[in-house]
Amino acid sequence: MSQNPSPVPGANDDAGRSRTRHARLALLIAAVGFAVIGLLSLVVVLVSAWAGAEAWPGFVTAAYFFLPLGFLLMAAGVVVSVLRRGRG
């Protein structure tokens, strides 16, 4: 009889890793999406100011909130990645 000292990984281990991987991917996609929307809104505001027109307040609000939110989500993704590498 052969004895295997290491436990056989169960299906739950792979499901947990897959869920974590999907959550990290969703976090990073949201971060990039918010950053892109914020940057595009900022470009619209800057171009309209350069042209002498007034930008729609929604673009100003989007640039004001989405850029920092995208940055914070990207920073959270980096922190999660560093913590994950530290444990592994």
Side-chain angles (χ1 to χ4, degrees):
M1 273 191 181
S2 66
Q3 294 180 349
N4 189 359
S6 63
V8 177
N12 291 341
D13 294 339
D14 291 337
R17 287 183 190 149
S18 178
R19 250 189 314 232
T20 304
R21 189 173 301 137
H22 288 293
R24 283 183 32 224
L25 180 63
L27 174 75
L28 293 177
I29 287 173
V32 170
F34 284 135
V36 167
I37 291 170
L39 283 173
L40 289 176
S41 297
L42 182 62
V43 167
V44 168
V45 169
L46 292 175
V47 168
S48 63
W50 177 74
E54 189 169 330
W56 178 58
F59 288 126
V60 178
T61 304
Y64 187 74
F65 286 109
F66 287 163
L67 275 174
L69 183 60
F71 176 77
L72 289 174
L73 288 175
M74 285 182 199
V78 169
V79 168
V80 167
S81 179
V82 166
L83 290 176
R84 183 175 172 263
R85 288 182 185 260
R87 279 190 253 150

For Ala31 versus Leu73, what's the shortest heavy-atom pair and its separation? CB-CB, 3.5 Å
Transitively linked via ILVMFWY side-chain contacts under 4.5 Å: Val43 with Ile37? no
To the nearest 0.5 Å, what is the distance between OH (Tyr64) and CG (Leu69)? 13.0 Å
With clusters defined by side-chain heavy atoms of hydrophobic residues (ILVMFWY) lying less than 4.5 Å apart, directly or transitively, does Leu39 cluster with Leu46? yes
Nearest heavy atoms of Leu67 and Ala35, plus distance in Å: CD2-O, 3.8 Å
Any idea which heavy atoms bring Phe34 and Phe66 closest together, and the distance? O-CB, 3.4 Å
All heavy atoms of Val80 vs all of Arg24, minimum pair found to be CG1-CD, 3.8 Å
List the atom of Ser41, the atom of Ala62, and the distance in Å for their closest heavy-atom pair. OG-CB, 3.4 Å
Tell me whether Leu40 is reachable from Ile29 by hopping between hydrophobic residues (I, L, V, M, F, W, Y) whose side-chain heavy atoms are closer than 4.5 Å. no
